[in-house]
Student: 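Got a structure here, written out as structure tokens. Questions coming.
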Amino acid sequence: MKMTYKTLLSLLVAAGVASAASEVELDKQLKAKQDSLESKRGLTVDGNVMGVFVNSYMSSDQETDKTINRNPSAERSNFVTADLGLHFRPYESVRANMILRFEAGMQNYFASSAKSISVPWMNIEGNVGKNFYWVIGDFRQEYSPLTIFAPTGIDDILYEPLIFSRAKEMARTSAMLEGNKRNLQGVNLQFRNDFGGPLGELRVEGIFARLRRVQVLDVTGANGNLLPYGETDGAYMSSNMDKWMLSANIELLPLNKNIYAGFTGMYVFDDSTSFTYTSRSEIKYYTGEDGVMYDTDGSIIKKGNGSMSTTEADYRTEYINRFELDPQRTTIISGRLGADVAGIMENKDLTLDVMAEVAMSNDKLYEYSMISVDDGSGQMVPVPEPEMNADGSFKVDATNSPVFKKVEKDDDGMAILATLNAGYRLPMGLSVNLSANYIMNDSNWYNNLAQSPQFFATRTLNSDKDGATVKYGVNSPLYSTFTSLYYFDPKFSPSIASNGSLISTTDDPILVGQTSSYNIAPYSKNSWGQSVYTRKELALMSMMLDPSVQMSLPNGLATANRNGIQANLVLGYGDFVEATGIFSMLNQDKSNSAFLKEAQYMDFGGGLKIDVFKMLGFSLPLEISGSYRHSTKTQEVLDAYKTAFADKGELNMDFINAGLRVQYLPRLGLNAGLQMINTEFDDVSSSPAVNVSPGYQVPLLKGNQMQWMVGLDYTIADGVFLALNYGWITVENTYNTSAGKGFNVPDYAEISVEDEAGNASFVSEYKHKFSQAVVQAVMNVNF
Amino acid sequence: MTSKIALLMCGAAVFAAAEDSALIEKQQGLLNTLDSIDGSVMGLRLNGTAKGGVISSTESSDQLFDGSDNRENQAYTDVNLKVSARPSAETEAKVELRLHKDWQSAYEEAVNPIIGHWFSYDGKILDKHVDFNLGYMRVGYTPLTIYVPQTEILQEPEIFASKRVDALAMRNLDTTSNRLLQGLNVAFNSFEVGPLSNIYAQVTGSRIRNSAKKYDEVFFDYDWSDRILIAANAGVDLMGIKLGGNYVYTFDRVESARSNTAEMGDVFYEDNLIFSGVLGFDSKKMIMDGKIRAGVDAEFASSKWTYTKDTYGKFDTTHTYNIKGQWYPQFDENGFVRDGVPTAGSAGAAAVDPIVYDTLFYIYDTITVSMDWKSEELDERKGIAFNVSPFVAGEVGSVKFDLKGTYVHNDEKFWSEQASSNYYIGNTTILNGDAIISGSNEQVVEQFRSGSLENMYFSVYNTNVLQQQNMMSKNENGFILAEDQKDSYYTPGRLYNNYRLGHFYKNGYKAVAYKYMELMNEAAFIDPSVNMAMPMGLATPDRNGFAVNGNVGWNDAITLNLRFSQYNQDVISNTFTTYGAGLGVDVAPFLGWNRRLIVQGSFEAGSESDYLKRETSRIVAGLTADVWGPFTLLGGFQSLEKKFTNGLPLADDGSVIVNDINETLILGGLQIKLGPGAVLDLQGGTMANTVDFATAAAGAQSLELNKLLLMGNITVLF
């Protein structure tokens, strides 16, 4: 058969010179056809189908007046997601991969978009010879914790019960996350050659990726903004410029790969030539049928009595994102040296390896030059210096505002990470392992490809009930660490906010029901994501951390402004008992507060896991686990403010985990988990004036969170299971309400009291307790 | 060496040369054979093309806002997934899906849809006597009926040709003269029957436009009414003689407009009917055992075009006649009103006057004015078109040649819609669409910011969040984005979508067949750099004249192309003259290399004697060199000038006049074959576009836009 094609094709050698495009096309098609027929074709199909049914019912004893917040308190997230992976191999050395994601929601209001097909993953990869590999499109990469790395952004949850950790993994998988690899889109080239023996292996790698593209996004959208309608630095993730990344990585592993030497150079930059403007409809006001005046973003401006007016708005040229005008130019270099001492000694019972990494960053920051002018009273005050055109006129930007003189400044940072792993397997099945990290990252250290966390505390279950405060995440009154860590909905359809009428034949409810926190349209509700954030976004995120899980290293081992050590010791016996002790002590290098000195973080705890059945020699597991962890953040007040505040601020947190996993039939098992988090703040650590955070207005004194969940597991095959769970989350927050209410206190909170004389005042402490009952059914099929 | 070249040059004078179309036929035949071998595999098959890469275009110009360069980067992964199901050896269902991702990770692309852009069910049934296509299809009849006039660039280098093909493919188009349609097509071929070598008949039905169903929707093909095409042809082949007839009728379906657009008032319909007859002769194997073929093709067509206004208004008056009674008093013989018996009033009131009444009946007329549709034929054009093309082609020794003359006589009022629109329309902004050009005249920028070469060779396909800038609207003027353009207050509400993505094109090619009025409104702006004399192909109305095309080739190593045409446009006594010549040489065989080293070039020019007195010229040069192993060097140069001696007025008041446009495109690149069906292209180049114009206010000016292009991509066929 093959011969036939060849003979046929030989009749048409390089048809060549002719001009007609059709001929060129035909010639190409012919060659392609020949190639495709001759090549080893292959198609592999794999994937995963996941059906999730989560009903969450929220209630609070403090919500006595149900007319204040009319938003639904029940949430039904019911969806089916199927990932279909198609892997084409038209020829041995080339592959094309794609994952098609089919999504169907049950009971979704926006039916058409709930049943969608999308492409979360697409790439072409191949190899040239045995040593050279290339990929274009989506890929994941991890070099080292200070170069390219995706930290989870949360502290270790010691012996996290399986019933919860599995839920977390599902949320992460939905966001296409895998370990600490960073998801990138671009070109990745890898060369590897194993010389063998003392020369070892050489790896040379290079990446060219686009991190952001110029794209107009709506500032009120639920996705694509860290703080919808936040009007502050870092709030919006839309980009005026294309952001690119170039990296080169060389690693040598001599001595049978027991010694490691690595060097990485990276350049992250915004292509300022690609700076683009957009046109937007001017904000115009209109008056709704209910006589309330709305902004075009749907927020209420003022109550009025006007009738419906259809004000039209003009388009005008604007910045896509007016908070990210300066281009990023960051250079990062890192050198690494490590050795597997145990490997060199060829001792199989010993673990002893060391690794040291030193990284330096140089970022260009921009400041505006100032000139001093007389303010009229003889006082010289600084004002930004405007830029002039050649003709002496003032330079203006697209919005006709003056352009000010920018001064570029170098911001040099350094980070050091040293890691030691030491362990020994003793006879009798005993083992001991110590891991320790020494971290010395200065406050200027900046590498957004290593610092961007996968986790950003987001409101998930019962987010409808929050209404417009949902965007404040950790500061939203109904926030709990558990819902944020463990629950997600890839296509959540929010209910129309209660200020909108629900049924209408016009678009009014869509328009009027908008909040400034999200749009009334399906969105992906998930704390887990794969974004590479900008400096301003990381700064904003650092203000919105959940102290329960993001205390000391919210940006992983590359977190800037940290000095100290981190260690854990694991003791094991057989494969059924394991005990872990953890300790860390980290200090800030430089204070990030105008009122406080450098913060000190301390962390200690321990945990134990026993497989009782295994200990008794049964083949099925009965695993009991538990852990306790205590974390503190202490920050002394600057001497100048000690008269106004206490001497120091302290935040204490206790995290308890307890888990049970028992499989009593080959396929049927029982899972249970309990988690408790108690957080306590003092006057300083709870003060909104000192701890500035969007939405944080009322001091939170104490937070007690607890969740338990029990469920049945039915495992049909590896990767095919059905889980039926029931759980309960309770949160009790105590606020200092002496100054009144705020965004982080529920709108239905009743804090006013009257004394006998009829004088109104606020209660000094307000306790808000709410609970969420969760019914969960999960079906997962990997194929 | 010298002697070899000398030999080559002297040889060139006597060669006859490769005949493009014969080669294409051969290739097509081979491709069909391979397709049928490949296609005989039954069941479900998945294949397609995967592509990933970057196109970066940096625009520089003094006229850019704030003087700084503007760069637009497209960085993407794109898969065109072809799914075909073959339930039997005879029929096949095809679906093509486009998966596209622009590189970035700023936010979760929760709704990045997959677009299905080809759906068809095709087959060869009844012992291959009947071919049918359902859904998407490409159908061509004859140059005066259903046809796509082609863009011919003599000796177009491969680096350009492949870009043009890619841009067309993004719109589901190709370089054949078959028109992209959606509907049903059935063709019958008897093959040998008695003395006849074939009896054929074909029927085609297609909806070519669709009336919009919703306002403010993303709706790509819309019109005020549904537009339908019905067509048929039939004929016989006998000993190389072909005789046939064609019928094409394209019309607006009135009901579809009336049911949708009652509020609008006037709707205009265009109906177009064509009958044509074809007569041809092909000597086939008669002369020198088929080494030389000669013959003639002729077509005669008659067309009718009507333009109708449909108005919704107060046209219908209904008279309603009723009988009505009237009471009047009875009079007695004395003329007094006859009194009846008085009845007592209530307490305190006067007695009721008991007049006796009589009844009179009469008929009265009520007029009801009701709203209704009324059609009025505004214009009718009837015309004939005729062309005859004698040809001779052959292969003598290593020399191939073909020569074709064409005589055309088309009435001013001839109009054949489905044969008149080239896929190349141009006048679209492709690259650097977001650059703000502020230092020039707005109308000039709007019309000419992307030149002909950019439109012809570049296209952009990306996914973008649906928002104000890119939502298409059924708004009357089609676009909603201009400064001071008013917008409904509902619009922002519709755009609150949490970033739903849509697929967008920036592409100079269109599948749409323009209606007469549409094309006439834009006639002045049809890109004169392509087919200035015959912009609508052989169906161009109001043309009398002839064309001669000749190609000579030697051993597939040298090709020479010659073109000449002269056409008159009688209505305005305008004469078009075009000429062109091209030469391509594959140097490798002369050097004894078994690979390609092609150097090629051409020059074409066209002018008109009246109207705008346009003069166009195009210079093309190219290089294709297989340098070593999998490496191929590609190069291309193209420069064109469009001169409007009488000036092209952009504004009705003549305040903006374009005089001259010069464009240059230089591209070079390296192509590396990574494996069979996998190619890495690295290309760079520059593109310059200069428009000389004059405004009443500021006199002579020029718009100068330069682009630096960098491209790198990998294409894999699977």
Side-chain angles (χ1 to χ4, degrees), chain A residues 8 14-26 30 32-33 35-36 39 88 90-91 93-94 96 98 116-119 122 124 136-137 185-186 210 212-213 216 221-224 237 242 273-274 276 279 281 286 296 310-315 507 510-511 514 519 521 523-524 530-531, chain B residues 18 20 23-24 27 30-31 34 46 50 52 69 71 73 75 77 79 99 101-108 110-112 114 154-156 158 161 164-165 175 434 465 467 469 481 483-487 489-490 492-493 496-499 556 559 584 586 596 598 675-678 714 716-718:
Chain A
L8 284 168
V17 208
S19 61
S22 58
E23 191 200 310
V24 175
E25 185 194 25
L26 280 167
L30 272 170
K33 184 67 78 179
D35 288 342
S36 128
S39 67
F88 293 94
Y91 191 70
S93 59
V94 180
M98 62 214 74
S116 62
I117 311 175
S118 58
V119 208
M122 189 159 49
I124 313 166
I136 186 165
Q185 291 169 334
R210 183 158 74 172
R212 294 265 168 115
R213 75 192 261 219
V216 182
N223 294 131
M237 294 167 76
D242 282 321
T273 312
S274 67
T276 304
S279 295
S281 191
Y286 70 94
T296 37
T310 53
T311 311
E312 292 173 323
D314 288 349
Y315 284 96
D507 285 352
I510 299 290
L511 194 56
Q514 296 296 333
N519 294 331
Y523 67 88
S524 168
Q530 41 171 280
S531 302
Chain B
D20 288 0
L23 182 62
I24 291 168
Q27 284 181 323
L30 183 57
L31 191 63
L34 290 172
L46 292 172
D69 290 356
R71 184 174 301 142
N73 302 307
T77 324
V79 169
L99 292 59
K101 264 187 110 165
D102 286 286
W103 298 349
Q104 55 90 55
S105 38
Y107 72 99
E108 307 309 317
V111 195
N112 178 0
I114 294 169
L154 287 179
Q155 295 292 347
E156 190 177 30
E158 188 177 323
R164 189 151 66 88
V165 169
T175 51
D434 283 323
V465 170
Q467 29 91 5
Q469 285 85 340
L481 235 205
E483 296 274 339
D484 305 327
Q485 181 111 29
K486 301 294 180 198
D487 187 16
Y489 88 114
Y490 284 126
Y496 290 135
N497 57 41
N498 295 322
Y499 315 132
D556 291 333
T559 47
D586 188 351
R596 289 178 301 169
I598 299 164
I714 286 180
V716 172
L717 298 154
F718 59 85

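Order of the sequence lines fixes the chain letters, A, B, ..., with proteins taken first and strands second; residue numbering starts at 1 for each chain.
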Student: Would A:Arg213 and A:Asp242 pass as an ion pair if we require N to O under 4.0 Å?
Tutor: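 A:Asp242 and A:Arg213: not salt-bridged.
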
Student: Tell me which of these, A:Ala222, A:Ser93, A:Gly186, has more heavy-atom pairs under 4.5 Å with chain B than the rest.
Tutor: A:Gly186

Student: Mind listing the closest non-hydrogen atom pair of B:Asp586 and B:Asp556 along with its distance?
Tutor: CB-O, 4.4 Å

Student: Which atoms of A:Met122 are under 4.5 Å from chain B, going by heavy atoms: the side chain, the backbone, both sets, or neither?
Tutor: both

Student: Looking only at heavy atoms, which two atoms of B:Val79 and B:Ala50 are closest? And how far apart?
Tutor: CG2-CB, 3.9 Å

Student: Tell me, out of B:Asp69, B:Asn73, B:Asp434, who's got the most heavy-atom pairs with chain A below 4.5 Å.
Tutor: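 Max contact count across the listed options: B:Asn73.
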
Student: Does B:Ala75 have any side chain to side chain contact (heavy atoms under 4.5 Å, CB included) partners at least two apart in sequence or in another chain, and if so, which?
Tutor: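 With neighbours one apart ignored, the set is A:Arg210, A:Trp244, B:Val54, B:Trp103.
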
